[in-house]
Amino acid sequence: MTISLTDIPENVLADIFRKCDFLSIFVLRKVCHQFRNFIDDVKPCTDIKSIEVNVGIKKIILRINSYNVRGSAYVKYEDHPKGCVVSYHKQGMKLPPPAPELPPVPTHSRLKLKECIHEGVEVMTAFSKDFEAVIGAQRSKIEFFRVHLVCLRRPECPTRNSPMTRSNVFSKADRKTFGSVIPYTMFSNFDTPESFTLRVLNELERTLQSHKQLLRVENFFMEVIQCKQLLQILPHIDSQYLKSIEISSPKIYPTEELKMDKLVTLDQWRQARKLELRSFYVSTPIINFLHFNSAEVNIDSVCCEDLKTMQQAFISSEKFKRFKIAYNNFEGRENLVKTFGEAETNGKWYFWIFPIPGSENVLFLNVILCHPHTICFTRCPESTPPQKGCVNCHYT
């Protein structure tokens, strides 16, 4: 007598699925319509550690890390003349036998589980359906959620790459379809990186809006060009679970100012306790950053009044750890000693120690007036001070 999976009782089948990794269940849901409704109802996938979306040129990668599996799984969505190619990959990590005098170095192995061409289906459509299934399958909080705009990053030097010809721009699947000559008309179907990024972010926003509940994420990271891109995604993160926000630019030297007027009014901004705002210089009032326990920001212009406000806030905050500022302009720098009193200095940097009433810790202030123009507040025991005049204000 032959028994199929559909004959197994639901409670037994649920136990079987709970012992599987997420990608195995995800692929089974895609290829076996008999189990799709069961998986969506039972939601056995509760082991997701992180979700990552990488946006390339006419390509999207959805990466999923699991608590129960060593390594990660990812789904790649690529443009194809007939529609799109979806491939499922598993990336594991294994430790080789250690050499006699060297520690073991982990190596990564990649396994393609399945690849299929969806005729008449656009990359965006295939990705959005799967992304919706992933966030719908997660019942517990997710440790990390990341969005990378890889297609907007600075390309490699052309002199170090092969020339951009029709034969090397397209994938092997394209060349199998058209032979060695790719028709030039296909180039008209290409999105610009900016327009493709806009479409992906719009689709992410739509999917998160249609989700019944806010996404429970502890650590949020996103690459943006403008703050309005961040405002498409961040409001759909549950502020009760959010611990840290990290914002960066895919460009090495962005010239755009990150206008944060709406961002600083969000509950997600007010509830987070750690901030890393890289690449951008901002002109937002310093009072909008004082609730963070740890932060790294680039501020266009600072003054002694700003530093005095920060000093008072950080002395009264028991949970404060560190605040690092990179600045372009320091207004009234000649008033530093008048504002904070005598300091240890060599003319290029100033160093103060402020006692904290009722605490074993003290507050250190490190001001570097020459390149790289850095200010750092650190709260820690006086016996373990940060290095004076050093950009790295961590202490050991």
Side-chain angles (χ1 to χ4, degrees), residues 18 21-23 25-26 29-30 36 39-55 60-69 72-75 77 124-150 197-248 250 260 262-277 291-292:
R18 289 190 184 99
D21 63 272
F22 181 83
L23 186 62
I25 299 175
F26 189 70
R29 181 188 179 277
K30 292 284 291 183
R36 179 171 296 179
I39 292 173
D40 290 344
D41 292 338
V42 175
K43 293 181 173 57
C45 318
T46 60
D47 64 338
I48 300 177
K49 180 180 181 180
S50 67
I51 298 175
E52 183 177 309
V53 179
N54 291 313
V55 183
I60 306 172
I61 295 178
L62 177 60
R63 185 177 295 274
I64 306 153
N65 286 296
S66 171
Y67 284 105
N68 299 334
V69 179
S72 64
Y74 62 95
V75 186
Y77 308 85
M124 205 68 60
T125 304
F127 162 73
S128 62
K129 288 183 178 180
D130 288 349
F131 179 72
E132 188 173 1
V134 169
I135 63 175
Q138 186 65 7
R139 293 183 294 182
S140 58
K141 64 184 178 182
I142 300 170
E143 190 171 343
F144 297 97
F145 181 72
R146 304 182 180 96
V147 179
H148 297 273
L149 306 183
V150 181
T197 297
L198 176 62
R199 293 174 58 207
V200 174
L201 294 180
N202 287 342
E203 200 61 42
L204 283 174
E205 182 182 24
R206 184 200 63 79
T207 306
L208 291 170
Q209 282 177 341
S210 63
H211 196 46
K212 294 181 180 179
Q213 60 183 14
L214 296 174
L215 198 61
R216 301 173 182 176
V217 174
E218 290 187 332
N219 304 286
F220 176 82
F221 168 86
M222 187 172 178
E223 287 184 330
V224 298
I225 299 297
Q226 298 175 333
C227 195
K228 64 180 181 180
Q229 297 171 329
L230 184 65
L231 294 174
Q232 288 185 268
I233 310 299
L234 186 58
H236 305 290
I237 304 299
D238 195 330
S239 60
Q240 295 183 3
Y241 293 85
L242 189 61
K243 295 180 179 178
S244 70
I245 298 174
E246 187 173 348
I247 307 168
S248 184
M260 303 171 58
K262 293 183 179 179
L263 175 62
V264 297
T265 64
L266 297 180
D267 288 339
Q268 289 80 1
W269 176 269
R270 294 171 177 173
Q271 294 297 324
R273 288 296 171 258
K274 182 179 180 181
L275 172 69
E276 289 188 31
L277 208 168
H291 64 283
F292 291 106

*Salt-bridge contact E132-K129 (side-chain N to carboxylate O under 4.0 Å)*: no
*I would like to know whether Q268 and S239 meet side chain to side chain contact (heavy atoms under 4.5 Å, CB included); could you show each step before the answer?*
CA-CA 5 Å; Q268 289 80 1; S239 60; 4.2 Å; yes
*Can you name the nearest heavy-atom pair linking L230 to V224, along with the distance?*
N-CG1, 3.8 Å
*When rounded to the nearest 0.5 angstrom, what distance separates CG in N202 from CD in Q229?*
10.0 Å
*So among N65, V147, I142, which one has a side-chain contact (heavy atoms from CB on, under 4.5 Å) with I51?*
I142
*What distance separates L234 CG from I245 CD1, expressed to the nearest 0.5 Å?*
5.0 Å
_Just verifying a value: how many Å separate Q232 CD and M222 CE, rounded to the nearest 0.5 Å?_
7.0 Å
*asked:* Using side-chain heavy atoms (C-beta onward) and a distance below 4.5 Å, is V75 in contact with V134?
replied: no
_Evaluate L263 against I247 for side chain to side chain contact (heavy atoms under 4.5 Å, CB included), listing each step before the verdict._
CA-CA 12 Å; L263 175 62; I247 307 168; 4.2 Å; yes
_Minimum heavy-atom distance between L149 and E223, given as atom pair plus value_ = N-OE1, 2.7 Å
*How far apart are the closest heavy atoms of K141 and Y241, and which atoms are they?*
CB-CD2, 4.0 Å
*How close do L266 and P235 get, heavy atom to heavy atom, and via which atoms?*
CD1-CG, 4.1 Å
_Looking at every non-hydrogen atom in both residues, tell me the closest pair between H291 and W269 and how far apart they are._
NE2-O, 2.7 Å
_What's the separation between atom CD in Q271 and atom CG in L242, rounded to the nearest 0.5 Å?_
9.0 Å
*When you measure from the centre of the six-membered ring of Y74, is the NZ or CZ of R63 under 6.0 Å away and within 45° of the axis?*
yes
*Report yes if the side chains of N54 and H148 come closer than 4.5 Å at any heavy-atom pair, otherwise no.*
yes
*Looking at CG of L204 and CE of M124, how far apart are the two atoms once the value is rounded to the nearest 0.5 Å?*
9.0 Å
_Taking every non-hydrogen atom, the tightest pair across I237 and V217_ = CG2-CB, 3.9 Å
*asked:* Pair F127, V53 - check side chain to side chain contact (heavy atoms under 4.5 Å, CB included), show working.
replied: CA-CA 10 Å; F127 162 73; V53 179; 3.9 Å; yes
*Given K262 and C227, is the side chain to side chain contact (heavy atoms under 4.5 Å, CB included) satisfied, shown in steps?*
CA-CA 9 Å; K262 293 183 179 179; C227 195; over 6 Å; no
*asked:* Measuring from atom NZ of K228 to atom CG of L198, what distance do you get when rounded to the nearest 0.5 angstrom?
replied: 7.5 Å
*asked:* Taking the side chain as everything from C-beta on, heavy atoms only, tell me whether K243 gets closer than 4.5 Å to R273.
replied: no
*Please work out whether the ring planes of F220 and F145 are parallel, tilted or perpendicular, with thresholds of 30° and 60°.*
parallel
